[in-house]
Asks: 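I'd like to ask some things about the structure below.
Just follow the structure's listing: the first ligand is 1, and inside any ligand the first atom is 1.
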Amino acid sequence: LLRRNRPEEAMTAFHRIDDLIERMGAITRQLKSYARKGQSQLSPVDMGEALASSLSMMEPQLKARRVRIAKILPDEPVRVMGDRMRIEQVLVNLLRNAIDATKSEAHPEIEIILASGETAVLSVRDNGHGIEDLDALFEPFYTTKQPGDGTGLGLAISSGIVADLGGRLTARNGSDGGAVFEMQLPILNETHQAAE
Ligand SMILES: Nc1ncnc2c1ncn2[C@@H]1O[C@H](COP(=O)(O)OP(=O)(O)O)[C@@H](O)[C@H]1O
Ligand SMILES: [Mg+2]
């Protein structure tokens with residue numbers, strides 16, 4: 001295009017190539033972080049602590065968008081058998097998505113509830129635009145974001161991680177708008193530990 005003296009078109013093509021390279025980078029970064037999982041050792045993980053570190057990792061983005069965070073945690077620690085890095089990876093993904101979904105809210109809010117019963121349940125609720133397509137949500141490469149903003153791998157990888165740990169990741173739209181994601185994991189109770 002340059003040789004034919006069409007610099008405008010060459011520029012457009014370069015931008016397109018640049019965007020695609022950026023996107024390839026984002027996809028390989030996500031896949032690499034999942035591929036490492038094979039070596040991981042399962043150990044007791046305190047869900048409250050995993051949540052606290054995920055929130056602090058996301059603090060710059062949460063602050064920049066002035067997102068209000070409401071946390072409801074039980075008095076007793078909630079422990080699961082897992083891989084702390086992976087659990088935090090799921091939480092960071094959910095928080096990142098909640099921040100994105102509340103982008104045009106004047107008062108963005110994320111509510112996080114940790115509860116334990118037969119399973120450990122951590123739910124992340126936001127007051128954003130809600131989920132468009134519940135059936136496609138966990139499909140790899142399903143994204144409603146601009147190329148460069150989303151790879152569509154976050155939830156596919158996250159649900160894989162939760163399933164590997166014997167739990168499940170589910171999603172629904174809240175009754176008054178916004179999305180609710182729920183991560184359920186088998187609880188680690190003291191009797192379990194004593195038996196091991
Ligand atoms: N909290 C949420 N509220 C509304 N839609 C969501 C939320 N989280 C995820 N989604 C939808 O699911 C899609 C896939 O999410 P994800 O797998 O994390 O990929 P990505 O964030 O790269 O798009 C998003 O593009 C969005 O359309
Ligand atoms: Mg995402």
Asks: For atom 14 (C) of ligand 1, find the nearest protein heavy atom and state the residue, atom name and distance (0.1 Å precision).
Replies: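 Answer, as residue, atom name and distance: Y142 O, 3.2 Å.
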Asks: In ligand 1, which numbered atoms sit nearer than 4.0 Å to a non-hydrogen atom of T143?
Replies: 20 (P), 23 (O), 25 (O)
Asks: Going by the order shown, which atoms of ligand 1 are within less than 4.0 Å of some heavy atom of A179?
Replies: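 The atoms of ligand 1 under 4.0 Å from a heavy atom of A179 are 1 (N), 2 (C), 3 (N).
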Asks: Are L51 and I113 connected into the same hydrophobic cluster when the rule is that any two of I, L, V, M, F, W, Y join if their side-chain heavy atoms are below 4.5 Å apart?
Replies: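 No, no single cluster joins them.
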Asks: Decide whether an N or O pair under 3.5 Å exists between D100 and ligand 1.
Replies: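 No - when backbone and side-chain N and O of D100 are compared with those of ligand 1, no distance drops under 3.5 Å.
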Asks: To the nearest 0.1 Å, how far is atom 18 (O) of ligand 1 from its closest protein heavy atom, and which atom is that?
Replies: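 Answer, as residue, atom name and distance: N97 ND2, 2.8 Å.
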Asks: Any carboxylate oxygen within less than 4.0 angstrom of a Lys/Arg side-chain nitrogen, looking at K71 and E111?
Replies: no
Asks: Is the contact between L94 and ligand 1 made by the side chain, the backbone, both, or neither, using heavy atoms and a 4.0 Å cut-off?
Replies: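 None of L94 does.
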Asks: Would you check the N or O atoms of D149, main chain and side chain alike, for any that come under 3.5 Å of an N or O of ligand 1?
Replies: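 No, since none of the N or O atoms of D149 sits under 3.5 Å from an N or O of ligand 1.
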Asks: Of all heavy-atom pairs between G82 and L165, which one has the smallest distance, and what is that distance?
Replies: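 Closest approach of G82 to L165, heavy atoms only: CA-CD2, 3.9 Å.
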Asks: Passes side chain to side chain contact (heavy atoms under 4.5 Å, CB included), L91 versus F181? Steps please.
Replies: CA-CA 10 Å; L91 293 176; F181 284 83; over 6 Å; no
Asks: For R84 and S53, what are the C-alpha separation, side-chain angles and deciding distance, and is it a side chain to side chain donor-acceptor pair (under 3.5 Å)?
Replies: CA-CA 10 Å; R84 176 141 174 190; S53 358; 2.6 Å; yes
Asks: Below the 3.5 angstrom mark, is there an N/O of L155, backbone or side chain, next to an N/O of ligand 1?
Replies: yes
Asks: Are I69 and M57 co-members of a hydrophobic cluster defined by side-chain heavy atoms under 4.5 Å apart?
Replies: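 Linked, M57 and I69 end up in one cluster.
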Asks: Which heavy atom in A171 sits nearest to a heavy atom in L134, and how many Å separate them?
Replies: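 Closest approach of A171 to L134: O-CD2, 3.8 Å.
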Asks: By number and element, which atoms of ligand 1 are closer than 4.0 Å to a non-hydrogen atom of G150?
Replies: 22 (O)
Asks: Within less than 4.0 angstrom of ligand 1, does G128 place any heavy atom?
Replies: no
Asks: Decide side chain to side chain donor-acceptor pair (under 3.5 Å) for D126 and T102; before the verdict, give the C-alpha distance in whole Å, the side-chain angles of both, and the deciding distance to 0.1 Å.
Replies: CA-CA 7 Å; D126 63 62; T102 52; over 6 Å; no
Asks: Which ligand 1 atoms, with their elements, are less than 4.0 angstrom from a heavy-atom of G130?
Replies: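 Matching atoms, with element in brackets: 4 (C), 5 (N).
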Asks: I need the contact type for F181 against ligand 1. Using non-hydrogen atoms and a strict under-4.0 Å cut-off, is it side chain, backbone, both or neither?
Replies: side chain
Asks: Do V45 and I187 sit in the same hydrophobic cluster, where Ile, Leu, Val, Met, Phe, Trp and Tyr count as joined when their side-chain heavy atoms come under 4.5 Å apart?
Replies: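 In one cluster with V45: I187, yes.
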Asks: What closest approach, in Å, do P44 and L188 show between heavy atoms, and which atom pair accounts for it?
Replies: CB-CD2, 3.5 Å
Asks: For atom 1 (N) of ligand 1, what is the nearest protein heavy atom, given as residue, atom name and distance?
Replies: D126 OD2, 2.8 Å
Asks: Quick one: which ligand 1 atoms are inside 4.0 Å of a heavy atom on A101?
Replies: 1 (N), 2 (C), 3 (N), 4 (C)
Asks: Write out the residue and atom name of the closest protein heavy atom to atom 21 (O) of ligand 1, then the distance separating them to 0.1 Å.
Replies: K145 NZ, 2.7 Å
Asks: Is it true that some N/O/S atom of T151, main chain or side chain, lies under 2.8 Å from the Mg ion (ligand 2)?
Replies: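 For T151, the answer is no, given that no N, O or S atom comes within less than 2.8 Å of the Mg ion (ligand 2).
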Asks: For atom 11 (C) of ligand 1, tell me which residue out of L137, I131, L95 has the closest non-hydrogen atom.
Replies: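 Looking at heavy atoms only, the winner is L137.
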Asks: Please name the pair of heavy atoms, one in V162 and one in R168, separated by the smallest distance, quoted to 0.1 Å.
Replies: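 That would be CG1-N, 3.3 Å.
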Asks: With respect to H129, determine whether any N or O atom, backbone or side chain, lies less than 3.5 Å from an N or O atom of ligand 1.
Replies: no
Asks: Check whether N173 reaches the backbone of I131 with its side chain - one donor and one acceptor, N or O, closer than 3.5 Å.
Replies: yes
Asks: At what distance is the nearest protein heavy atom to atom 25 (O) of ligand 1, and which residue and atom is it?
Replies: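 Of the protein heavy atoms, T144 N, 2.9 Å lies nearest.
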Asks: G152 versus ligand 1: do any nitrogen or oxygen atoms come within less than 3.5 Å of each other?
Replies: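 Right, the criterion is met.
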